[in-house]
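Throughout, protein chains are lettered first and strands after them, A, B, ... in sequence-line order, and every chain is numbered starting at 1.
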Protein chains: 2
Amino acid sequence: MKKVKPRTLSGFMELLPMEQLQFNALTNIIKETYQQFGFLPLDTPLIEASDVLLAKAGGETEQQIYQIKRANNDLTLRFDLTVPLAKYVAQYYGSLNFPFRRYQIGKVYRGERAQKGRYREFYQCDLDIVGENNLSLINDAEMIYIINTLFENIKLPNFIIKINNRKLLTGFCQELNLNNTIDIMRLIDKKNKITTLAFKTELTKLNIKEQDLKQILALIKIKGSNSSILEQLKALNITNKTWQAGLTELETVYQYCNQFGLKNENLQIDLSIARGLDYYTGTVYETFYKDNINLGSLCSGGRYDNLAECYTNRKLPGVGFSLGLTRLFKVLQEANLLPTEPVITTTILIIPLTNNYDYIISCYKQLQEAKIKTQIFSEERSLKSIINYALNLNIPYVIFIGEEEVNNNLITIKNLKTHNQKTIKITDINKEIKNGNTNI
Amino acid sequence: MKKVKPRTLSGFMELLPMEQLQFNALTNIIKETYQQFGFLPLDTPLIEASDVLLAKAGGETEQQIYQIKRANNDLTLRFDLTVPLAKYVAQYYGSLNFPFRRYQIGKVYRGERAQKGRYREFYQCDLDIVGENNLSLINDAEMIYIINTLFENIKLPNFIIKINNRKLLTGFCQELNLNNTIDIMRLIDKKNKITTLAFKTELTKLNIKEQDLKQILALIKIKGSNSSILEQLKALNITNKTWQAGLTELETVYQYCNQFGLKNENLQIDLSIARGLDYYTGTVYETFYKDNINLGSLCSGGRYDNLAECYTNRKLPGVGFSLGLTRLFKVLQEANLLPTEPVITTTILIIPLTNNYDYIISCYKQLQEAKIKTQIFSEERSLKSIINYALNLNIPYVIFIGEEEVNNNLITIKNLKTHNQKTIKITDINKEIKNGNTNI
């Protein structure tokens with residue numbers, strides 16, 4: 001038979017079982033954190049009609065989609081979990097309770113150039129609160145508190161959440177009579193990914209006068225403690241209403257964050273945080289790993305006034321964020337920050353030294369019914385190779401069952417760490433194991 | 001702005017949050033059952049190169065695939081989890097421990113005609129043991145034991161696992177000098193989905209003589225208790241070696257099943273179980289819900305001698321099964337067999353009756369840090385509508401915080417079931433809730 005080379009597509013992560021266990025453990029921490037705050041799970045399809053998914057898309061997004069043409073249908077793989085959420089709240093509006101708190105953990109697809117830290121298939125872990133007509137600013141601060149709790153739970157040291165408010169830059173541009181704020185924000189969002197020279201060249205391309213350019217650069221470069229930055233912004237004395245609203249919102253959110261107990265070492269107002277996506281209208285935030293800031297944001301989001309406007313006339317403002325789990329896993333793995341304690345997926349391996357499977361299976365069943373994770377090693381192999389199997393899988397105990405054990409209704413259990421072994425009744429095993437490694 | 005109608009594709013399941021909670025609970029039971037038997041998790045990509053995924057496919061499979069053409073790449077969405085497993089074991093052979101016990105729960109895609117119980121996007125929950133060179137028949141019986149445990153854990157009453165061995169029909173056809181066993185098996189697999197007349201017509205199309213046809217029909221119709229069927233098969237005195245091997249295997253697996261404690265009410269030898277897929281070579285089984293047998297098999301699988309032969313020269317025999325979770329969920333939902341006990345996703349809803357968020361957030365934080373799932377309802381709404389929000393989400397308690405509570409450093413907690421309420425210190429709340437509904 002002609003062989004096909006077994007291979008995984010570039011940009012698609014596929015893990016070995018022991019890594020997969022670590023990945024799942026990380027996923028569980030995220031899921032439990034989201035559930036702790038009362039968010040409800042969703043699991044929307046990976047495929048949607050292209051006109052639904054691309055209702056608001058444009059530019060880069062459209063170039064990166066995975067499109068499927070099937071019969072007369074034009075379909076697209078989801079590229080994020082936000083658009084499916086927008087569709088969902090519009091579609092099931094009458095059956096949902098607002099503010100609607102939902103989380104979703106799932107794979108998304110973007111045909112980007114595969115490179116370190118960039119995947120074409122990757123997990124996003126999204127959390128959003130969608131309100132009806134209005135949504136209090138406390139929710140913006142709660143989101144930041146949840147991100148903070150999340151990174152504490154993940155045990156990533158040295159993370160920093162950078163916050164800003166898009167109304168500031170919008171108002172600032174209005175003050176300068178610039179009408180391409182969205183383009184400017186997209187560019188500011190890219191700033192850290194390109195050289196300073198390239199950044200300035202791109203800004204110039206947007207037909208911004210040298211004088212205005214200087215002012216924008218001065219604004220996004222404002223540094224200092226959070227309260228000092230707020231003071232500096234106030235001192236600019238800008239009367240533009242959008243700017244004023246942004247400044248009030250930023251200050252309010254910052255105050256709530258303080259009440260939520262956020263520490264200044266984990267929270268930094270940063271006027272250069274703009275987010276590339278058009279739908280953000282107020283608070284925006286990104287989270288960085290301080291020891292490797294070049295990785296880009298691990299977790300970002302913000303406030304949007306009108307999430308589902310492509311699908312419904314209802315005003316559904318929201319605030320949320322998305323965590324890039326696949327990238328985060330790689331970051332933690334490379335920084336040796338994943339738990340090293342081996343996961344016990346099997347507690348006991350039964351090694352038959354007889355063909356009396358009647359007795360062996362009866363012992364196995366008793367262990368299973370006692371919820372002790374057990375396997376029987378029923379292949380013919382050398383004892384050494386069977387023990388290696390157990391050691392490779394971090395199985396702490398083996399049980400030997402030979403003729404003597406069968407005849408005396410006993411089993412011999414061996415602790416693979418201490419090498420101690422003991423011949424006992426199967427009914428006494430729970431006690432031995434519950435007492436830990438010390439007994440045998 | 002022009003609106004796009006928000007909609008979900010036909011054949012794609014999308015659940016409301018409360019249903020999603022039930023779905024997730026069901027998924028967890030399956031996952032925990034698989035883990036109880038020491039299986040390791042995998043999470044392979046949803047997209048593979050078409051030549052990898054379709055290396056062994058043909059016929060119906062190829063017509064049903066979701067194909068993606070992107071740049072110069074020909075890609076396909078996975079249509080099952082077995083082919084990705086075959087690829088995986090061939091690709092990572094050197095890093096795996098054999099017998100390799102893995103489970104995978106994930107979505108698969110088949111462009112079938114959408115109809116009741118048939119989905120285009122659906123979850124499969126796969127469990128397989130892949131051996132190296134050999135794999136003992138005990139594994140076949142263990143699979144049946146695991147399926148039995150699975151349906152006990154799911155609490156589906158009246159399930160039956162039907163088992164057979166493909167070598168029987170293969171040997172039988174060899175005896176009759178028929179050389180299109182695979183076609184005959186595919187047809188037998190379809191038998192219950194088409195009329196008897198259509199079945200006979202199709203068999204005739206395969207150029208089978210009337211006399212042979214009668215014998216095949218007589219074979220697959222053999223009825224009786226499991227031991228009686230085995231006796232009847234032996235009494236046929238067929239000397240063909242494949243038949244003999246099949247009979248010995250079936251009897252051995254049945255005996256092991258008895259040792260595993262399978263009850264005859266849940267296990268039935270059935271010569272008409274053939275499985276449509278070509279790669280099965282020995283034991284095969286399907287599981288039915290007796291109260292609605294027309295639904296088709298909920299969980300099926302079997303033994304394959306050479307899973308990864310398209311990718312490697314190594315002999316990797318295996319045995320496994322696949323549970324169709326999306327269909328099972330719908331079956332349980334329609335039969336009212338899903339747990340009706342509401343899932344508590346939030347224990348306490350804080351209802352602010354003051355703007356003193358300093359105190360409110362401090363109470364909220366204490367509850368969160370005590371791991372009590374809590375939300376603050378921070379939107380301006382009527383009290384009635386806030387209470388409805390809590391009731392709709394099965395939130396058992398609300399906490400009122402007004403000026404009086406703030407001034408006295410207290411909170412008022414109300415049990416929404418008993419309507420009792422009590423004003424206490426926030427630090428005493430854990431005690432109140434732990435004591436259950438009776439205290440307040």
Side-chain angles (χ1 to χ4, degrees), chain A residues 1 3-4 6-9 12 14 16-17 20-21 24 35-36 38 40-49 51-52 55 66 68 70 87 90-92 95 97 99 102 107 111 121 131 134 136 138-139 259-261 309-311 345-346 357-358 361 365 371 373 375-376 378-379 389 392-393, chain B residues 1 3-4 6-9 12 14 16-17 20-21 24 35-36 38 40-49 51-52 55 66 68 70 87 90-92 95 97 99 102 107 111 121 131 134 136 138-139 259-261 309-312 345-346 357-358 361 365 373 375-376 378-379 389 392-393:
Chain A
M1 180 180 258
K3 306 293 170 200
V4 175
R7 61 197 195 278
T8 306
L9 294 168
F12 288 66
E14 193 169 54
L16 287 171
Q20 190 65 53
L21 288 168
N24 293 1
Q35 288 171 349
Q36 176 59 35
L40 298 171
L42 280 195
D43 180 17
T44 62
L46 274 99
I47 306 178
E48 304 269 6
D51 65 321
V52 169
Y66 282 85
I68 301 168
R70 203 171 192 288
K87 185 216 78 165
Q91 189 173 342
Y92 304 103
S95 308
N97 297 287
R102 88 85 179 79
K107 285 178 172 176
E121 175 185 72
N134 293 298
S136 145
I138 294 166
N139 295 287
Q259 290 173 348
F260 276 111
E309 63 180 341
C310 303
Y311 310 113
T345 55
T346 297
Y357 268 87
D358 215 359
I361 292 175
K365 275 201 67 184
K371 298 286 169 215
K373 291 178 181 165
Q375 293 179 34
I376 306 173
S378 43
E379 308 314 307
Y389 172 87
N392 288 341
L393 294 179
Chain B
M1 181 181 258
K3 305 293 171 198
V4 175
R7 61 195 196 276
T8 306
L9 294 168
F12 288 66
E14 193 169 55
L16 286 171
Q20 190 65 51
L21 288 168
N24 293 1
Q35 287 172 348
Q36 175 59 35
L40 299 170
L42 280 194
D43 179 17
T44 62
L46 275 100
I47 307 178
E48 304 269 5
D51 65 321
V52 169
Y66 282 84
I68 301 166
R70 204 172 193 288
K87 186 217 80 167
Q91 189 173 342
Y92 303 103
S95 307
N97 297 286
R102 89 85 178 78
K107 286 178 173 176
E121 175 184 74
N134 294 298
S136 146
I138 294 166
N139 295 289
Q259 291 173 350
F260 274 112
E309 63 180 341
C310 304
Y311 310 114
T312 176
T345 55
T346 296
Y357 269 86
D358 215 357
I361 292 175
K365 275 201 68 182
K373 290 175 182 168
Q375 293 180 33
I376 306 171
S378 41
E379 308 314 306
Y389 172 86
N392 289 341
L393 295 179

Nearest non-hydrogen partners of K3(A) and Y311(B), listed with the distance: CD-C, 4.0 Å
Does any heavy atom of chain B fall under 4.5 Å from the side chain of D358(A), the backbone, both, or neither of them? both
Tell me, for L16(A) versus chain B, whether the close heavy atoms (under 4.5 Å) come from the side chain, the backbone, both or neither. both
Among the options D51(B), N24(B), T346(B), pick out the one with the most heavy-atom pairs lying under 4.5 Å from chain A. D51(B)
Note: vs chain B, highest number of non-hydrogen pairs under 4.5 angstrom among L40(A), L21(A), D43(A) is D43(A)
Quick one: pull up CG in N97(A) and OH in Y389(B) and give me the separation to the nearest 0.5 Å. 7.0 Å
Using a 4.5 angstrom heavy-atom cutoff, name the option from A90(B), S95(B), S378(B) with the most pairs to chain A. S378(B)
Chain B contact via R7(A) - side chain, backbone, both or neither, heavy atoms under 4.5 Å: both
Non-hydrogen atoms of L46(B) and E121(A) that approach each other most closely: N-OE2, 2.9 Å
Kindly give the heavy-atom pair with the smallest separation between L42(B) and Q20(A), and that separation in Å. CA-CG, 4.1 Å
Note: vs chain A, highest number of non-hydrogen pairs under 4.5 angstrom among G131(B), P45(B), P99(B), G38(B) is P45(B)
Who among L9(B), T345(B), L393(B) has the most heavy-atom pairs with chain A under 4.5 Å? L9(B)
Go through the atoms of I138(A) and report whether side chain, backbone, both or neither lie under 4.5 Å from a heavy atom of chain B. side chain
Engaged part of K107(A) at the chain B interface, taking heavy atoms whose separation is under 4.5 Å: side chain
Check step by step if side chain to side chain contact (heavy atoms under 4.5 Å, CB included) holds for E379(A) and N139(B). CA-CA 10 Å; E379(A) 308 314 307; N139(B) 295 289; 3.0 Å; yes
Minimum-distance pair of heavy atoms, taken over all atoms of E48(A) and E14(B): OE2-OE2, 4.4 Å
Among T312(B), N134(B), I376(B), single out the residue with the greatest number of heavy-atom pairs under 4.5 Å to chain A. T312(B)
